[in-house]
Amino acid sequence: MTSRENYNDLHVFMLVAREGSFTRAAARLGLAQSGVSRTIRELEARLGVQLLVRTTRSLSLTQAGEQLYRTTQGSFQALDAGLATLAHFRDTPSGTVRINASQHAIDKVLLPKLALFRQRYPDIRLELISENRFVNIIDERFDAGVRLGGEVDEGMVAVRITPDMEMVMVATPDHLLQYGFPQAPADLAGHPCIAYQFADGSLYSWELWQEGKPVRHRPRGQWVFSDSYMEAAAARRGLGLAYVPEELVTDELERGTLIRVLQRFSHRLDGLFLYYPHRNVSPALRAVIDTLKL
């Protein structure tokens with residue numbers, strides 16, 4: 001007895017036994033009495049035992065019928081109880097949400113916005129895993145990931161969580177006294193530039209705009225990092241020009257410990273998006289999405 005139809009037949013039998021009447025059981029099920037009677041006959045034939053004793057005035061269970069009734073009643077009660085517990089997950093978000101993101105995204109977006117979960121959703125466990133490589137979130141069992149808009153895989157549901165990102169080119173005053181202030185992208189060739197390396201070993205070519213057209217500069221210098229935070233830290237130490245998201249160096253720009261150059265040539269990157277593989281998300285992930293989205 002493994003098919004859905006057989007389980008349906010067992011449910012019909014349980015109601016007939018509980019009600020002691022084909023008529024009342026049929027009314028509960030919204031079926032014709034003849035259909036209920038036929039279901040019981042077919043169930044008895046399939047099991048090879050008589051389950052009910054029928055007379056014109058009464059309906060009673062055989063010994064085999066008593067045994068099956070106790071079994072089905074206990075099983076369906078357990079199933080009903082199990083289904084009822086799902087309401088807890090629907091009404092009270094709980095469980096673990098694993099998100100893959102850059103350290104930048106975790107520090108500047110996820111952590112500040114999701115900090116309220118400590119009190120609002122105490123049953124949700126958040127795992128924020130930092131990596132700079134492109135991760136297949138399905139293969140590596142993440143519930144969601146965070147990437148720039150243009151980097152989100154096709155087929156994913158994507159929700160914007162930040163505005164577009166302003167890139168800034170910065171250096172210390174001492175660096176600029178030594179190497180001069182670049183006036184155009186071509187002047188960058190005379191500056192040591194701090195490079196960002198992707199997980200595949202390739203370097204990010206700085207994306208700039210000149211006279212309405214995109215131009216690229218391949219950074220050349222002594223220092224290469226795989227994290228934008230470290231690029232900014234290296235720039236603060238006077239190790240070269242860095243090209244990083246503005247929010248990583250806002251305080252330094254305000255204090256004048258870093259100076260922005262080539263502002264009119266700078267590029268805006270697509271904002272960050274939270275992405276996940278399907279729309280049928282858990283209540284816990286839904287709480288994360290609703291908290292992060294703009």
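Residue numbers count from 1 along this sequence. A quick note: this is a predicted structure, and the numbers were derived from the prediction, not measured.
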**Q** In this structure, are over 12 heavy atoms from other groups packed under 6.0 Å from Arg220 atom CZ?
**A** no
**Q** When you check the side-chain N and O atoms of Gln33 and Thr23, is any donor under 3.5 Å from an acceptor?
**A** yes
**Q** Side-chain contact test, heavy atoms from C-beta onward, threshold under 4.5 Å: evaluate it for Trp209 versus Ser266 and give yes or no.
**A** no
**Q** What about Leu262 and Ile194, same hydrophobic cluster or not, with Ile/Leu/Val/Met/Phe/Trp/Tyr joined at side-chain heavy-atom distances under 4.5 Å?
**A** no
**Q** State yes or no: do Phe142 and Leu128 share one hydrophobic cluster built from I, L, V, M, F, W and Y residues joined by side-chain heavy-atom distances below 4.5 Å, directly or via other members?
**A** no
**Q** Does a side-chain heavy-atom distance below 4.5 Å link Val288 with Leu110?
**A** no
**Q** Donor-acceptor pair, Arg286 side chain versus Val281 backbone, under 3.5 Å?
**A** no
**Q** Would you mind checking if Arg125 and Glu127 are paired as a salt bridge, meaning a charged N to carboxylate O distance below 4.0 Å?
**A** yes
**Q** Drop me the distance from Ser37's OG to Leu52's CG, to the nearest 0.5 angstrom.
**A** 9.5 Å
**Q** Are any of the side-chain heavy atoms of Leu61 and Phe13 separated by less than 4.5 Å?
**A** yes
**Q** For the residue pair Val244 and Ala232, what are the closest heavy atoms and their distance?
**A** CG1-N, 4.3 Å
**Q** Take a 6.0 Å sphere around CZ of Arg54 and say whether it holds more than 12 heavy atoms from other residues, nucleotides or ligands.
**A** yes
**Q** Would you say Thr257's side chain and Leu253's backbone share a donor-acceptor pair under 3.5 angstrom?
**A** no
**Q** Report the C-alpha distance between Ile40 and Phe22 in whole Å, list the side-chain angles of each, state the deciding distance to 0.1 Å, and finish with yes or no for side-chain contact (heavy atoms from CB on, under 4.5 Å).
**A** CA-CA 10 Å; Ile40 298 302; Phe22 283 110; 3.7 Å; yes
**Q** Taking only residues two or more places apart in sequence, or in another chain, which ones meet Arg24 in a side chain to side chain donor-acceptor pair (under 3.5 Å)?
**A** none
**Q** Side-chain contact test, heavy atoms from C-beta onward, threshold under 4.5 Å: evaluate it for Pro277 versus Ile137 and give yes or no.
**A** yes
**Q** Holding to side chain to side chain contact (heavy atoms under 4.5 Å, CB included), I want the full list of residues that pass it with Arg70, two or more places apart in sequence or in another chain.
**A** Glu66, Gln67
**Q** Which heavy atom of Ser94 sits nearest a heavy atom of Ala284, and at what distance?
**A** O-CB, 3.4 Å
**Q** Please check if the side chain of Glu19 supplies one atom and the backbone of Ala26 the other of a donor-acceptor pair under 3.5 Å.
**A** no
**Q** Of all residues at least two apart in sequence or in a different chain, which pass the side chain to side chain contact (heavy atoms under 4.5 Å, CB included) check with Ser228?
**A** Tyr196, Glu231, Pro245, Leu248
**Q** Donor-acceptor pair, Lys293 side chain versus Val159 backbone, under 3.5 Å?
**A** no
**Q** Nearest 0.5 Å, what's the CG-CG distance between Asn8 and Leu10?
**A** 9.0 Å
**Q** Side-chain contact test, heavy atoms from C-beta onward, threshold under 4.5 Å: evaluate it for Thr62 versus Val53 and give yes or no.
**A** yes
**Q** Cluster question for you: counting only ILVMFWY and a side-chain heavy-atom cut-off of under 4.5 Å, with indirect links fine, are Leu274 and Val135 together?
**A** no
**Q** To check you understand the geometry: which heavy-atom pair defines the closest contact between Ala17 and Tyr69, and what is its length?
**A** CB-CD1, 3.5 Å
**Q** Which atom pairs, donor and acceptor, lie under 3.5 Å between side-chain atoms of residues 75-83 and protein residues at least two apart or in another chain?
**A**
from  : atom 1 : to    : atom 2 : distance (Å)
Ser75 : OG     : Thr71 : O      : 2.9

**Q** Rounded to the nearest 0.5 Å, what separation is found between the NE2 atom of His11 and the OG1 atom of Thr39?
**A** 12.5 Å
**Q** Looking only at heavy atoms, which two atoms of Val146 and Tyr275 are closest? And how far apart?
**A** N-CE2, 3.5 Å
**Q** Should Leu272 and Leu126 be regarded as members of a common hydrophobic cluster, given that ILVMFWY residues are connected when their side-chain heavy atoms come within less than 4.5 Å of each other, either directly or indirectly?
**A** yes
**Q** Can you confirm whether Arg255 is buried at CZ, in the sense that more than 12 heavy atoms of other residues, nucleotides or ligands lie under 6.0 Å from that atom?
**A** yes
**Q** Donor-acceptor pairs under 3.5 Å, side chain of residues 164-173 to any protein atom, not counting sequence neighbours: which ones?
**A**
from   : atom 1 : to     : atom 2 : distance (Å)
Asp164 : OD1    : Arg160 : NH1    : 3.2
Asp164 : OD1    : Arg160 : NH2    : 3.4
Asp164 : OD1    : Gly271 : N      : 3.1
Glu166 : OE1    : Arg268 : NH1    : 2.7
Glu166 : OE2    : Arg260 : NH2    : 2.9
Thr172 : OG1    : His175 : N      : 3.1

**Q** Using a 4.5 Å cut-off on heavy atoms from C-beta on, say whether the side chain of Gln197 contacts that of Phe225.
**A** no
**Q** Counting C-beta onward and ignoring hydrogens, is there a side-chain heavy-atom pair between Gln183 and Val261 closer than 4.5 Å?
**A** no
**Q** Quick one: hydrophobic cluster around Leu177, which other residues, with the 4.5 Å side-chain cut-off, linked directly or via members?
**A** none
**Q** Closest heavy-atom contact between Glu207 and His267?
**A** O-CB, 3.0 Å
**Q** Look up atom CG in Leu176 and atom CZ in Phe181, then write down how far apart they are to the nearest 0.5 Å.
**A** 4.5 Å
**Q** Measuring only between side-chain heavy atoms, which start at C-beta, is Ile289 closer than 4.5 Å to Tyr276?
**A** yes
**Q** Sub-3.5 Å donor-acceptor pair from the side chain of Asp187 to the main-chain atoms of Ala184, do we have one?
**A** yes
**Q** Out of curiosity, Ser205 OG to His217 NE2, how far, rounded to the nearest 0.5 Å?
**A** 9.0 Å
**Q** Under a single-linkage definition using a 4.5 Å side-chain heavy-atom cutoff for Ile, Leu, Val, Met, Phe, Trp and Tyr, are Val157 and Leu148 assigned to the same hydrophobic cluster?
**A** yes
**Q** Would you say the ring centroid of Tyr243 lies under 6.0 angstrom from that of Trp206?
**A** yes
**Q** Go through the steps to decide whether Arg38 and Ser34 satisfy the test side chain to side chain donor-acceptor pair (under 3.5 Å), and finish with yes or no.
**A** CA-CA 6 Å; Arg38 183 173 62 253; Ser34 59; 4.9 Å; no
